[in-house]
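Numbers restart at 1 for each chain; the letters A, B, ... are given by sequence-line order, proteins then strands.
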Amino acid sequence: MSKKCHKVIHWFRKGLRLHDNPALVEACKDALELYPVFVLDPWFVTNANVGANRWRFLAQTLEDLDKNLKQLNLRDERVQVAMDNLGVNVVSCVSHTLYDVHRVVKSNGGKAPLTYQSFQTAASRLGAPEQAIASPTLQDLQGCKTPVHATHDNEYGVPTLKDLNVCMDDLGPDLYPGGETEALDRMERHLKKVNWICNFEKPKTEPNSLLPSTTVLSPYLKFGCLSARLFYHKLIHVYQGKKHSQPPVSLVGQVLWREFYYTVAAVTPNFDKMKGNPVCKQIPWQENSDHLSAWKEGRTGYPFIDAIMIQLRQEGWIHHLARHAVACFLTRGDLWISWEEGQKEFEKLLLDADWSLNAGNWMWLSASAFFHQYFRVYSPVAFGKKTDPNGDFIRKYVPVLKKFPAKYIFEPWKAPSSMQQAAGCIVGKDYPKPIVDHDIVRQKNIQRMAAAYAASKSSNPETNKNSTKEAPSKKRKLDDTEKGSLKKKKKS
DNA sequence: AACAATGTTGGAGCA
DNA sequence: TTGCTCCAACATTGT
């Protein structure tokens, strides 16, 4: 069948794995000589927004990939070869997402789906996602050599963190090692918990547990150490014949959220910016470098927010709802700073930082797109108490506060000074006072959001398809009372 | 055609 | 303790 007559380059870009890698299998079929390469652009090394933990994850992933490729004897022949760029045939395959996202857009009438439901409907018209394919085997590679120079490892081997100029002091504990091997192990460990898989509902998981309450497969999906299609079908297999949760809250639903953001991002210009982004509400955010650095460095004076930001910096992963809390705080909730600033910091520090998801979720949380109920504001005090009334999460990540009693640990500035003294932490000296008064700025910012929404309506009414006539505020009040009475009707 | 219902994930105050 | 209201939105689908 296979005609092993070509010299083939397999360019590893996203799918840093052997399993479910159709382009790699395709390459193996045809290759007399195979050159698997991963390109680390020197420009990228200098300029990319990548923190130490994320560099380490990538280096570990490349090490693991290199090891797995070696097991396929993909580098056992050391032959001098002259590369010939003429007649190179490029094969690229969809395997980073469940679907070809452009087909999903087409299925949605050529428009980006702006709700999860419309995305789901459009995607389901395409049928189930394709099955993941097997890793290439030694059999597949019979008759194929991978010529390398004797100096290969020195010149083209996996770079060390030192090569990458990573600041070793910035590295936190190595909780989530990179690589396909770890990804598959981690997935299998979770798949064994059948009841947990079947009952999983994302909004019910905890943002501030001491151990992650979710799978933490996101970094592996981001780098392609794990195939989304493989995870999807493994989940469907566990569900077979059992009652199980449904999208959007289920685990399959989480993979579909990823797909949703990939789909919208693929056809939306300037998706990672406010200006020139047709789906993004234009909001007059303000700059405040003091507040921004306090947020980044975990010095806002709100222990729940600060603990999350410190966990992010140290460990490179925080729970989805913790992201909600700090994102709301930075933008529409408290600091009124552009979501683009938060996006940059997440991109640098999150192991799972994924362009489409990062931008999409920041727009969601700042009520700039997809989500519009801007009066739903997370309290930096109350939200964390629900799942961690004792404040153990805060005690772990902001240890200066650890001696405060539970009653005050979410708002230490309210503790009597004798208690602050006993705890060995004076607020304003050993731990900052709150940089804003949440109860006050919350009100003010809701008003600002209302104004921004109203402005976008009047300046750009044709984006609203059926707004041929203006909706004056009196009319709006009428709608409100109608809504209220309807709610009552529904209940009775 | 017009209108109703629906949607991952808020919180305070009050009965 | 639970459930409702207020804060006052938008895209999409169903009737």
Side-chain angles (χ1 to χ4, degrees), chain A residues 108-109 111-122 200-208 213-214 245-258 260-261 264 278-281 283 304 319-329 332-334 357 360-361 363-387 410 438-439 442-457 460-461 463-469 471-492:
Chain A
N108 192 52
K111 303 172 311 217
L114 295 180
T115 65
Y116 187 85
Q117 274 205 336
S118 54
F119 160 78
Q120 245 191 316
T121 307
F200 184 94
E201 291 181 39
K202 186 63 164 277
K204 291 188 180 164
T205 58
E206 300 183 5
N208 49 3
S213 60
T214 51
S245 54
Q246 294 289 331
V249 296
S250 64
L251 277 166
V252 161
Q254 304 313 301
V255 184
L256 294 176
W257 277 107
R258 172 179 183 272
F260 167 62
Y261 286 123
V264 189
V279 304
C280 184
K281 195 70 73 180
I283 296 169
F304 177 58
H319 185 275
H320 184 63
L321 292 175
R323 301 179 196 202
H324 279 218
V326 299
C328 183
F329 188 89
R332 66 186 169 85
D334 294 82
L357 282 66
N361 277 308
M363 284 189 271
W364 181 293
L365 259 300
S366 59
S368 299
F370 313 116
F371 172 85
H372 309 278
Q373 286 166 284
Y374 52 75
F375 42 88
R376 292 191 180 178
V377 176
Y378 289 87
S379 162
V381 171
F383 187 66
K385 279 187 187 171
K386 288 193 289 189
T387 45
F410 283 84
H438 174 72
D439 294 328
R442 188 193 80 97
Q443 299 259 10
K444 185 179 169 190
N445 291 344
I446 287 175
Q447 295 311 310
R448 284 164 147 173
M449 288 301 290
Y453 268 59
S456 83
K457 236 184 188 171
N460 204 2
T463 54
N464 235 353
K465 271 154 284 174
N466 27 350
S467 74
T468 44
K469 50 189 174 188
S473 55
K474 273 183 189 172
K475 177 96 183 221
R476 222 187 290 145
K477 269 233 158 100
L478 258 177
D479 291 346
D480 297 344
T481 51
E482 278 165 22
K483 262 186 194 166
S485 58
L486 278 166
K487 261 183 195 164
K488 273 180 199 160
K489 266 185 209 163
K490 197 185 73 179
K491 295 285 166 191
S492 58

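- Using a 4.5 Å heavy-atom threshold, the side chains of A/Trp364 and A/Tyr261 count as touching.
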Mind listing the side-chain donor-acceptor pairs of residues 378-385 of chain A below 3.5 Å, one per line with the distance, residues two or more places apart or on another chain?
| from | atom 1 | to | atom 2 | distance (Å) |
| --- | --- | --- | --- | --- |
| A/Tyr378 | OH | A/His324 | ND1 | 2.8 |
| A/Ser379 | OG | A/Val381 | N | 3.1 |
| A/Ser379 | OG | A/Ala382 | N | 2.9 |
| A/Lys385 | NZ | A/Glu411 | OE2 | 3.4 |

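- At the phosphate of C/dC10, OP1 or OP2 sits under 4.0 Å from a side-chain N or O atom of A/Lys457.
- In this structure, A/Gln447 reaches the sugar-phosphate backbone alone: every heavy-atom distance under 4.0 Å involves primed, P, OP1 or OP2 atoms, never a base.
- As judged by a 4.0 angstrom heavy-atom cut-off over every strand, A/Leu321 is placed among the base-contacting residues.
- Aromatic stacking is not marked for A/Phe375 over C/dC6, as the cut-offs of 5.5 Å for the centres and 30° for the planes do not both hold.
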Map every base of DNA chain C to its dot-bracket character, where paired means a Watson-Crick or G-U wobble contact with both distances under 3.5 Å and | marks a partner outside the strand.
.||||||..||||||

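- Residues from residues 376-385 of chain A with heavy atoms under 4.0 angstrom of DNA chain C: there are none.
- Within the 4.0 angstrom heavy-atom criterion, only backbone atoms of the sugar-phosphate kind lie near A/Tyr374; the bases stay farther away.
- Looking at residues two or more places apart in sequence or on another chain, you find no side-chain hydrogen bond (donor to acceptor under 3.5 Å, both in side chains) involving A/Gln373.
- Look at CH2 on A/Trp364: it is 9 Å from C1' on B/dT9, rounded to the nearest Å.
- For the OP1/OP2 pair of C/dC10 and a distance below 4.0 Å, the side-chain nitrogens and oxygens of A/Lys281 include at least one atom meeting the criterion.
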A/Thr205/A/His319 under side-chain hydrogen bond (donor to acceptor under 3.5 Å, both in side chains): CA gap, chis, key distance, verdict:
CA-CA 9 Å; A/Thr205 58; A/His319 185 275; 2.8 Å; yes

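- Judged as a side-chain hydrogen bond (donor to acceptor under 3.5 Å, both in side chains), and not counting sequence neighbours, A/Lys386 has no contacts.
- Residue contacts for A/Phe370: at a heavy-atom cut-off of 4.0 Å it reaches no nucleic acid atom on any strand shown.
- Counting any heavy atom pair closer than 4.0 Å across all strands shown, A/Gln254 reaches a base atom.
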Show me the protein contacts with nucleotides 13-15 of chain B, counting only N or O atoms at under 3.5 Å.
none

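- Considering A/Ser368, A/Ser456, A/Ser366 in turn, A/Ser456 is the only one that fulfils the side-chain hydrogen bond (donor to acceptor under 3.5 Å, both in side chains) rule with A/Lys281.
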